[in-house]
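Chain A is the first sequence line, chain B the second, and so forth, proteins listed ahead of strands; every chain is numbered from 1.
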Amino acid sequence: MNYWLLKSEPDVFGIDDLADAPQRRTAWDGVRNYQARNFMREMRRGDEAFFYHSSCARPGIVGRMRIAREAYPDPTQFDPDDPHFDPRSRSDAPRWSAVDVEFTERFAETITLPRLREEPELAEMLILRRGNRLSVTPLTDTQWQAVLALAEAS
DNA sequence: GCCAACGTTGGC
DNA sequence: GCCAACGTTGGC
């Protein structure tokens, strides 16, 4: 079992959108960073992930979800009308991957960025490291449990 | 292969 | 809206 953290801007797609989606499930697509893509390719069905709201009034972790389908070619890379269209990606050698995720839980309170930074066990969490902007990052078991404990305490 | 220019991310 | 940090692009 692996643990992940996925960022999304709530104005574009937030955890409520996931909770309201058909089967409470959606494609996590549009990722256009190689390191993030490589992490997505490591994801296995059943892995768990936190949902992080970025670029908003209260950035932080708002809930969790489960990987429902492992990496497959991201359809948006071939769609000229999609903002994530990549004209240099070829259908016989897709450059970008998507996974499907399934809603698990919305936390009662957002675990805010400053709150996460207060937690000694999370000091090494990748999104807290200076300058790290990756939208897909792995978490250790310890980090996963520490965040869950914060969620339950709120 | 170097590196300057540019675009993007994302917190504040 | 600002700006630091980072990734990508493309000329050489």
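- Annotation for A:Leu126 and A:Pro138: closest pair CD1-CD, 3.7 Å, computed over non-hydrogen atoms.
- Residue A:Arg88 is classed as a sugar-phosphate contact, given heavy-atom separations below 4.0 Å to backbone atoms only.
- Taking the ring centre of A:Phe39 as origin, the terminal cationic atom of A:Arg41 falls outside the region bounded by 6.0 Å and 45° from the ring axis.
- Pairs of residues two or more places apart, or lying in two chains, never qualify as salt bridge (Lys or Arg N to Asp or Glu O under 4.0 Å) while including a residue from residues 133-142 of chain A.
- Here A:Arg25 pairs with A:Asp100 in a salt bridge; the nearest charged N to carboxylate O distance falls below 4.0 Å.
- Bounding nucleotides for the chain A contact on DNA chain C, 5' to 3', at a heavy-atom distance below 4.0 Å, are C:dA5 to C:dT9.
- Contacts of A:Arg44 classified as salt bridge (charged side-chain N to carboxylate O under 4.0 Å, His left out), with partners at least two apart in sequence or in another chain: A:Glu70.
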